[in-house]
Amino acid sequence: MSSKRRLPDLDKVFDAVGAWVLAIVWISPLLFATWAALQPSGTALGMDFSNPLTFENFVYVWNAVPWVGYFTNTVVLVTLILAGQLVLCTLAGFAFARFEFKGRDTVFILVLLQLFILPEVLIVENYAIVSKLGLFDTALGIGLPYMASAFGIFLLRQAFKSVPIELEEAARIEGCSWMGVLWKVYVPAAKPVYLAYALVSIATHWNNFLWPLIVTNSPDTRPLTVGLSLFGAPETGVDISVISAATLMTILPLLVAFLIFQRQFIQAFLRAGIR
Amino acid sequence: ATELTMYYPVAVGGPLTDVIDGMIDGFESEHPDVKVNAIYAGNYDDTRLRAVSAIKSGDPAQLSVMFSIDVYDLIEQDLIVPFDDVVKTAEDKEWLNGFYPALMANGKVDDKTWGIPFQRSTIVMYYNKDMFREAGLDPESPPQTWEELVADGKALAKDGKWGLMVPSTGYPYWMFQCFAVQNGKELMSNDGTETYFDDPAVVEALEFWRGLATDEKIMPEGTIEWGTLRQAFVQGQTAMMWHSTGNLSAVKREAKFDFGVAMLPKHKQSGSPTGGGNFYLFKNSTDAQKEASLELIKYMTAPDRAAEWSIATGYVGVTPEAYETDALKSYAADFPQALVARDQLEVAIPEFSTYDTARVRDGLNNAIQAALTGEKTPKEALEGAQAEANRLLRAFH
Amino acid sequence: MTAQSPFIEIHSVSRVFNGGNGVHDLSIDIPRGSFVVLLGPSGCGKSTTLRLIAGLETADQGTIRIDGKDVTNTPPSKRGLSMVFQSYALFPHLSVAENIIFGLKVRKTDKSEIKTRLAEALSVTGLDGCEDRKPSELSGGQRQRVALARAIVAGHPLCLMDEPLSNLDAKLRHAVRKDIRDLQQRLGITVVYVTHDQTEAMSMADIVILMKDGRIEQAGDPAELYLQPATAFAAGFVGSPPMALLPATALPNDVLPNGIPPKGLTFGIRPEDLKLSTDPASEAWGIAATVTGSEFLGAETFVYVSIAGTDGATARLPGRVHISPGTEVSLSWAGVAAHWFDRETGLRHAQATTDIAANAPSQTTEFQTSPSTVSTL
Amino acid sequence: MTAQSPFIEIHSVSRVFNGGNGVHDLSIDIPRGSFVVLLGPSGCGKSTTLRLIAGLETADQGTIRIDGKDVTNTPPSKRGLSMVFQSYALFPHLSVAENIIFGLKVRKTDKSEIKTRLAEALSVTGLDGCEDRKPSELSGGQRQRVALARAIVAGHPLCLMDEPLSNLDAKLRHAVRKDIRDLQQRLGITVVYVTHDQTEAMSMADIVILMKDGRIEQAGDPAELYLQPATAFAAGFVGSPPMALLPATALPNDVLPNGIPPKGLTFGIRPEDLKLSTDPASEAWGIAATVTGSEFLGAETFVYVSIAGTDGATARLPGRVHISPGTEVSLSWAGVAAHWFDRETGLRHAQATTDIAANAPSQTTEFQTSPSTVSTL
Amino acid sequence: MNEMAQLQKRRLALYGWMLAAPALALMSLFAFYPAIATLWHSLFSRGTSRRPSVFAGLDNYGDLFADPTFWTVASNNLIYAGITIPVSIFFALAMALWANAHIPARSFVRSAYFTPTILPMIAAANLWLFFYTPDLGVIDQITGFFGAEPTNWLGQPETALASIIIVTIWKESGFFMIFYLAALQTIPPDLREAAHIEGAGRWTYTRRILLPLLMPTTIFVFVNAMINSVKLIDHLFILTKGGPNNASKLILYWIWEMAFAYFDSPHAAAMTILVLLTLGIVAVIQFRLVEKRTHYR
Ligand SMILES: Nc1ncnc2c1ncn2[C@@H]1O[C@H](COP(=O)(O)OP(=O)(O)OP(=O)(O)O)[C@@H](O)[C@H]1O
Ligand SMILES: Nc1ncnc2c1ncn2[C@@H]1O[C@H](COP(=O)(O)OP(=O)(O)OP(=O)(O)O)[C@@H](O)[C@H]1O
Ligand SMILES: [Mg+2]
Ligand SMILES: [Mg+2]
């Protein structure tokens with residue numbers, strides 16, 4: 001090795017330090033939650049690191065709520081919503097990306113307008129619709145209003161548009177029907193976008209609370225966040241240790257999945273090149 | 001069989017749905033012909049939203065636990081029926097009179113009973129006996145008047161600790177009712193059509209509250225967060241706090257020190273508002289359902305259940321009989337703090353509630369917060385709120 | 001080229017895009033088993049013609065028949081043809097093998113049949129051992145061969161190729177173009193091949209169709225195009241370096257053809273037909289020129305010269321030639337090597353001859369071949 | 001090439017990537033004002049060498065001097081050079097003019113100075129009138145010229161180019177390569193140019209540096225590389241079609257050089273040096289071969305032949321040649337045209353000569369040039 | 001014209017409609033129809049048992065403009081958007097650049113940036129509530145370490161909105177980072193090298209090359225951030241409930257109060273329509289303006 005090798009760049013050191021500081025600031029609430037969850041209720045804010053750690057909060061939270069059932073419901077719900085979104089947005093995205101029809105652009109703008117409609121204020125109307133459809137207290141009832149997602153249609157349309165038209169033509173010459181083209185060419189080509197969108201969708205609906213609460217009755221259909229809500233206490237103020245434990249329990253499956261698949265997820269985002 | 005749908009909120013932390021489910025099971029085994037769907041619906045706001053959504057879309061719901069103070073709005077929206085229409089027998093009428101009058105006050109409008117108390121609280125003063133001792137005060141004689149409160153507070157406020165904290169987010173109007181009534185004036189008329197925010201006694205009460213921070217320096221300035229106050233108390237940040245009796249169980253569990261519970265101090269008189277949730281009956285149900293609903297409410301407010309509920313949550317037992325049950329008696333023997341709320345019911349007043357209550361209340365809340373944060377003087381703030389309330393209530397005279 | 005009816009008949013087909021581009025009133029007959037190259041500059045309508053045959057574009061007018069069947073409105077998948085795209089259009093998510101058998105699977109061909117055909121296609125294109133790789137793990141040449149394999153595996157009698165070699169580097173292109181030609185002959189299929197590279201067209205085609213602005217400029221076998229360009233455009237487009245095209249007015253009078261005023265004529269001469277001399281005495285006649293540069297390419301040297309009143313010309317000399325810019329030279333050529341075109345219409349003056357007796361032989365060499373080996377052209 | 005010290009000195013430079021690829025112990029001297037081409041197959045380290053000179057890579061070992069200054073650890077912006085990238089690396093959001101003057105603006109050059117230099121660069125590269133367009137609105141050739149203009153506008157004495165023509169089509173490439181060469185000579189700058197296209201290297205370079213596996217295989221002027229390849233690799237890489245390389249054992253004894261056992265020898269012959277004869281009697285000697293195919297390219301025809309015991313060879317014949325596959329021919333060549341290489345090391349056997357008196361002249365033609373026009377090589 | 005070709009075209013149009021139909025149907029059901037119903041509602045007065053609802057024209061809108069709370073809330077939301085949008089875009093960009101650079105433990109850094117995105121807002125708000133606790137909270141403990149007085153972050157009008165803004169930025173930046181990260185991959189590395197050779201430093205490269213090239217992503221992120229600046233109110237319910245004295249009340253929270261606490265859905269509907277209109281207009285202007293500047297794509 002030559003002794004003249006360039007010294008590590010000062011820029012790079014600053015980069016690393018900056019990135020790390022920001023990362024720690026960003027993750028600190030979660031670290032704090034972990035700390036608080038391991039402390040007895042009365043002392044969590046003390047930041048006294050000599051305190052012994054305790055799992056009593058987790059035990060208490062675990063026993064208080066049928067987590068397994070809620071977890072199952074959440075998984076079913078999230079899967080259902082995602083499946084519905086993927087199907088509907090794929091079809092619509094495909095139509096907007098590759099078909100010429102009168103009024104297409106107008107309709108597409110309408111679709112984008114949906115992004116601006118605030119679902120929170122439409123709860124009463126949507127409740128009535130779900131109820132009329134007979135879907136009350138079902139996973140489908142919770143999921144249906146989210147299935148036609150303007151965001152998803154937009155993303156997939158962009159993804160489909162960036163697929164080289166030759167791929168479609170090659171498939172058509174090889175004998176594919178329109179559906180065949182969609183299924184065999186566009187969908188695989190947009191895989192990174194699907195993954196990226198799935199991550200966003202799962203994170204959103206995993207954490208959705210109010211709507212599922214309103215259109216369900218029983219623990220048989222309710223998601224994890226309803227369990228979490230039992231530890232929120234507007235009349236008395238929450239117990240930080242307990243709510244931290246409950247929070248961790250709610251997001252733990254998601255967090256673990258994310259940490260395991262983070263490389264793939266990030267890669268998927270990277271390749272998606274959403275613009 | 002009669003089927004009933006009931007919504008209920010959980011407003012204090014913990015697995016209380018299990019307790020309710022247990023009660024429902026008990027009721028169903030006593031009344032095999034009635035089937036009850038008891039549905040947890042989040043907090044009070046969520047529950048109200050849920051009930052409104054359901055009824056507006058024609059879904060059947062027969063009863064619900066909701067804020068006691070929502071009564072005027074529920075009447076206005078034509079959602080509920082008075083119990084007087086359902087209560088037929090003398091025995092039932094007797095039952096209506098069995099509750100603490102202070103708890104019934106909120107449910108009575110135009111001489112009719114619209115709500116039956118279920119999960120009711122009141123405001124009490126929690127204090128840290130250890131800190132009292134350290135400050136050289138008698139831990140067994142908490143302050144009983146405003147003057148004592150200030151004096152003790154001054155003795156306690158040192159080393160970055162505070163003498164007293166009265167929360168002013170979340171439910172500022174509720175806390176303010178304490179000061180006002182202690183200063184001799186209630187905030188609204190009994191028929192919910194008039195408010196007295198700009199009454200000199202009321203203004204003086206708010207001045208006193210603000211003075212605790214600015215003049216006496218026994219309380220921090222600005223608003224004090226409702227949700228984290230208990231944590232501040234159990235970690236010794238303040239020697240005294242005013243808070244809902246709903247906190248009792250939690251403070252008991254969390255506090256690592258000897259703590260006491262006392263009635264609020266008096267000034268011109270003593271007093272404290274009640275709070276919490278009542279049972280309401282919805283319209284559009286059959287007579288059989290109404291009947292069954294009444295049975296259910298009777299069952300859930302019966303002394304044994306009231307005692308059980310009180311022990312589990314810290315809410316007050318809704319009838320004197322509840323305090324006569326063995327369960328509550330033995331609980332109180334070990335934990336005499338639990339009886340303070342009941343004793344205070346003697347002097348309790350109804351929680352603030354008027355027509356168009358949320359708007360009127362918001363005006364008051366903003367006025368209180370504006371005064372506490374120094375944006376306005378108490379007089380200015382309250383006069384503004386009164387003007388606003390007058391405008392809103394004009395239609396209901 | 002035989003008496004039997006053409007395999008593809010394109011009859012007065014037009015396809016005009018908004019803006020007026022496209023192809024106009026095109027008629028082409030393509031014999032069965034031939035290798036036809038559509039040649040022309042960018043935007044002349046080559047791809048459009050190919051896509052019309054494939055069914056990826058629909059004709060505004062006219063009819064297209066393949067194998068006697070009118071397919072003008074038949075969708076691509078029903079036309080019984082395969083296609084190789086410039087970008088190869090390989091499905092990036094499928095392995096080589098899956099790419100190749102894509103069409104067979106879509107058409108629900110027998111499993112075992114698929115297997116044998118795949119093996120055959122792999123071995124024909126020399127891709128054995130690559131079948132499990134993804135296209136992104138292949139070199140350009142390999143990708144090209146996958147595209148080829150996909151096109152031939154279906155066994156369609158017609159294969160369309162749109163500039164299939166343009167993404168390959170020069171060395172590879174040379175190798176692959178031989179492969180394609182061999183494959184076509186072995187399988188006996190008809191190939192319609194689009195390129196704008198005249199070298200490719202010359203070396204591969206049975207028939208070259210030279211297009212310009214959506215119309216056919218000249219069609220014929222490669223030698224015909226090279227030796228007898230029908231227009232000045234064809235003369236300039238075919239050959240590298242291209243034929244020099246000079247206004248006849250810049251030439252000495254005695255080399256001009258008889259009877260036609262030089263004002264209306266363009267003179268063309270191929271680089272290999274130009275002779276350079278630095279010694280004015282050694283030649284009977286010559287036009288004066290100045291060397292502007294030279295490029296040594298190993299086997300030959302291109303010498304660029306400027307001629308007064310013209311855009312200059314290029315001479316192609318064998319071997320290595322040392323000649324420095326600025327050198328004055330005299331240019332001459334054999335009389336038969338001269339091409340004459342009408343300056344207005346660009347059309348060839350077939351009858352134009354010059355007075356000079358050619359003293360250099362024509363560059364066309366006829367080999368003595370045994371009677372059994374007839375030319376394939 | 002002159003007595004003065006070299007402009008760029010690369011001394012024992014190594015840059016090894018994880019995996020062992022890169023360049024190894026490279027030493028190159030580049031004279032001021034010369035046009036140096038780095039030539040070699042893909043992955044041989046050409047770009048790495050160029051990036052080392054540019055400062056985009058840092059050497060693990062060794063030193064790099066530019067104009068006598070040690071720049072081994074100097075950042076790119078301080079080395080006083082410009083670069084043309086294969087992809088042109090034009091900033092897509094800036095107009096042509098803004099792209100060109102980007103560096104000047106960064107270096108806070110005078111406004112008026114920028115203006116004159118821009119005008120100059122535009123006119124030199126023939127881009128006048130395009131200055132307000134965005135790169136996406138330009139053709140490939142125009143983009144290339146913008147990249148060129150950006151490189152020359154700064155007036156740096158050194159310009160690096162990494163395969164700047166590989167994205168252009170054949171015709172354009174030919175034109176631009178002349179432009180680049182002209183520009184370099186006009187401005188008198190030093191150019192280091194990377195390509196894997198040997199035609200480009202031959203036609204442009206003053207010095208060709210042929211690389212293989214991160215090391216230099218041969219360096220010299222193009223004629224040297226073509227006529228006297230130092231190794232079998234160089235012989236095969238330079239020239240198109242490439243030199244045929246045959247095991248000496250496949251040759252008749254009397255053409256073999258004296259004193260060296262044929263087992264250790266490889267024989268090389270360029271396509272243009274091969275003579276084909278269908279009449280065995282007409283030649284004194286010859287080796288038997290079978291024609292496998294031919295390609296007519298207009299000015300010449302490539303004839304592919306197979307020879308027993310070898311991979312075959314290509315002959316390059318002028319004009320149009322009709323010869324059908326399967327024809328038996330006899331191959332011969334002039335003695336001086338033969339190249340001999342050691343079979344193991346690949347190194348050239350310089351002294352090897354054959355017994356046969358050459359009857360064909362060597363293909364190197366020396367033009368009679370006036371004394372004032374000395375070769376630029 | 002070829003008749004078959006016409007027919008073909010019509011068939012394709014039909015396919016297009018059929019493919020889009022399911023999504024459009026659901027959207028109409030759960031978004032467009034309720035939105036139009038909302039518009040309709042906003043034209044009627046609030047109905048009670050004493051006074052049935054009557055057509056009121058634009059009265060409800062007039063009431064809103066006359067209400068001082070409207071102006072407070074609108075200006076709060078403007079400040080909120082005006083700060084959260086640029087700041088979270090800035091952080092997102094910085095994060096993306098760092099997450100894309102070669103720094104040690106890059107995948108930890110990426111995960112850290114992204115984690116807030118997967119935390120439920122309600123849970124996150126509860127954690128922040130305790131962060132902000134005067135004196136006891138982590139923030140005051142840190143500032144206290146440097147000798148600062150304890151601050152009642154959520155309890156004073158001066159800091160309440162800022163505290164809300166910080167939580168929003170924390171929650172959103174990581175989400176937007178992902179989009180920048182993706183866009184960065186599409187910028188060829190040789191642009192950077194070319195800029196360096198032309199003498200551009202890091203900062204010049206970022207400002208003159210990178211930022212303009214990321215413009216399309218910035219627009220995408222901007223529009224999303226703008227929508228979120230109206231949509232994201234979950235944390236308000238826990239942190240401040242809009243207080244003190246409306247100091248941190250945002251539009252949607254106010255709509256929520258009107259609709260579900262005040263039982264005043266006509267005014268809520270009117271407010272909703274106003275928001276929809278504003279968002280739509282801003283978005284259209286955005287797209288128009290910026291499309292001109294980014295047409296090079
Ligand atoms: N879909 C289309 N819409 C509008 N114009 C088109 C379309 N496709 C092709 N054109 C135009 O038609 C003309 C012929 O196009 P075509 O693609 O056939 O040219 P080409 O000969 O293949 O050129 P290249 O060598 O560049 O591929 C061009 O001017 C082109 O701009
Ligand atoms: N950043 C890198 N990391 C690892 N290996 C590299 C890197 N850059 C180049 N290499 C390897 O070093 C070798 C030389 O690369 P280089 O880019 O110099 O080749 P090249 O001669 O320019 O090839 P080409 O003609 O394909 O551009 C190759 O094997 C390449 O895989
Ligand atoms: Mg084309
Ligand atoms: Mg390279």
Side-chain angles (χ1 to χ4, degrees), chain A residues 11 15-16 18-19 22-23 26-27 29-30 32-33 45 47 88-89 91-92 94-96 99-102 104 111 113-118 120-122 125-126 129 144-145 147-148 153 178 203 207 209 225 228 238 240 243 247 250-251 254-255 258-259 262-263 266 269-270 272-275, chain E residues 12-13 15-17 19-20 22-23 26-27 29-31 34-35 37 95 98 101 103-104 107-113 115-120 122-124 126-128 130 133 136 138 141 170 174 178-179 181-183 185-186 202 216-217 220 227 231 252 255-256 259 268 272 276 279-280:
Chain A
D11 277 358
D15 271 354
L22 197 65
W26 242 247
I27 194 97
L30 199 70
F32 170 73
L45 287 183
M47 286 289 164
L88 291 178
C89 298
L91 295 181
F94 186 46
F96 288 121
F99 284 84
E100 299 264 350
F101 50 90
K102 236 195 188 147
R104 180 184 67 172
V111 168
L113 262 186
Q114 193 241 31
L115 282 176
F116 299 112
I117 296 179
L118 316 167
E120 285 83 356
V121 297
L122 302 179
E125 282 85 354
N126 285 350
I129 291 165
L144 210 54
M147 283 182 186
I153 293 175
W178 276 106
N207 296 325
F209 166 67
T225 41
L228 175 63
V238 297
I240 180 63
I243 194 107
T247 302
T250 310
I251 64 161
L254 201 55
L255 206 59
F258 178 69
L259 288 179
Q262 73 110 356
R263 195 166 286 270
I266 297 280
F269 268 114
L270 295 189
I274 308 157
R275 300 218 258 169
Chain E
L12 285 187
Y15 280 173
W17 277 110
L19 287 172
L26 270 188
M27 247 180 219
L29 202 56
F30 289 105
M95 287 172 175
W98 278 331
I103 53 169
S107 68
F108 160 76
V109 169
R110 280 178 180 172
S111 304
Y113 293 159
T115 307
T117 306
I118 62 171
L119 272 178
I122 302 176
N126 270 311
L127 293 177
W128 278 91
F130 283 89
T133 311
L136 270 183
V138 177
Q141 291 198 10
W170 169 80
I178 292 294
F179 296 102
L181 208 46
Q185 312 304 308
T186 64
R202 200 178 141 85
T217 314
F220 179 83
I227 294 170
K231 261 187 176 174
L252 185 58
I255 294 179
W256 172 273
T272 306
L276 245 177
L279 278 181

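Lettering follows sequence order; numbering is per chain, from 1.
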Problem - Heavy-atom pair of closest approach, residues A:A95 and E:G16 - result: CB-O, 3.4 Å
Problem - Region of A:I243 that comes under 4.5 Å of a non-hydrogen atom in chain E - result: side chain
Practice task
Using non-hydrogen atoms and a 4.5 Å limit, figure out which bit of E:L19 sits close to chain A: side chain, backbone, both or neither.
Solution key: both
Problem - Between CD1 on residue A:I129 and CZ on residue E:F30, distance to nearest 0.5 Å - result: 5.5 Å
Problem - Options A:I117, A:T225, A:T247, A:L254, ranked by heavy-atom pairs under 4.5 Å with chain E, top entry - result: A:I117
Handout entry: Portion of A:L228 that has a non-hydrogen atom of chain E nearer than 4.5 angstrom
Key = side chain
Problem - Contact winner vs chain E - A:C89, A:A23, A:A203, heavy-atom pairs under 4.5 Å - result: A:A23
Completion exercise
Assert top hit (heavy-atom pairs under 4.5 Å, partner chain E, pool A:F96, A:W178, A:F209) equals A:W178
Handout entry: chain E contact via A:L115 - side chain, backbone, both or neither, heavy atoms under 4.5 Å
Key = both
Fill in the blank from the handout: Of the listed E:A37, E:A124, E:P116, the one with the largest count of heavy-atom pairs under 4.5 Å with chain A is E:P116
Practice task
Output the distance between atom CD1 (E:I118) and atom CG (A:L255), rounded to the nearest 0.5 Å.
Solution key: 4.5 Å
Practice task
For each of E:A31, E:G174, E:A35, tally heavy-atom pairs with chain A at distances under 4.5 Å, and name the one with the top tally.
Solution key: E:A31
Exercise for the section: Please look at A:I153 and chain E and tell me whether the side chain, the backbone, both or neither of the residue comes under 4.5 angstrom of a heavy atom of that chain. Expected result: side chain
Exercise for the section: Could you tell me whether the side chain of E:Y113 and the main chain of A:A19 form a donor-acceptor pair under 3.5 Å? Expected result: yes
Practice task
Return the set of residues passing side-chain hydrogen bond (donor to acceptor under 3.5 Å, both in side chains) with A:R104 (not counting sequence neighbours), or none when no residue passes.
Solution key: none
Problem - Between E:A101, E:P104, E:A259, E:G280, the one whose heavy-atom pairs under 4.5 Å with chain A are most numerous - result: E:P104
Exercise for the section: Check side-chain hydrogen bond (donor to acceptor under 3.5 Å, both in side chains) between A:W26 and all other residues, then give those that pass, not counting sequence neighbours. Expected result: none
Practice task
Check E:P34 against A:E125 and note the closest heavy-atom contact, atom names and distance.
Solution key: CB-CB, 3.9 Å
Fill in the blank from the handout: Looking only at heavy atoms, the pair that brings A:N207 and E:P120 closest together is OD1-CG, 3.1 Å
Problem - Residue pair E:W170 / A:P29, side-chain heavy-atom distance below 4.5 Å - result: yes
Handout entry: Nearest-0.5 Å distance that lies between atom CG in E:L12 and atom CZ in A:F101
Key = 11.0 Å
Exercise for the section: Please state whether the side chain, the backbone, both or neither of A:F116 comes within less than 4.5 Å of a heavy atom of chain E. Expected result: both
Exercise for the section: Starting at CG of A:L30, measure out to OG1 of E:T115 and round the result to the nearest 0.5 Å. Expected result: 6.5 Å
Fill in the blank from the handout: CG (A:L259) and CZ (E:F108) are apart, to the nearest 0.5 Å, by 10.5 Å
Practice task
Evaluate the side-chain proximity of E:L26 to A:L88: yes if any heavy-atom separation is below 4.5 Å, no if none is.
Solution key: yes
Practice task
With the side chain counted from C-beta on, respond yes when E:L127 and A:I240 share a heavy-atom pair under 4.5 Å apart, and no when they do not.
Solution key: yes
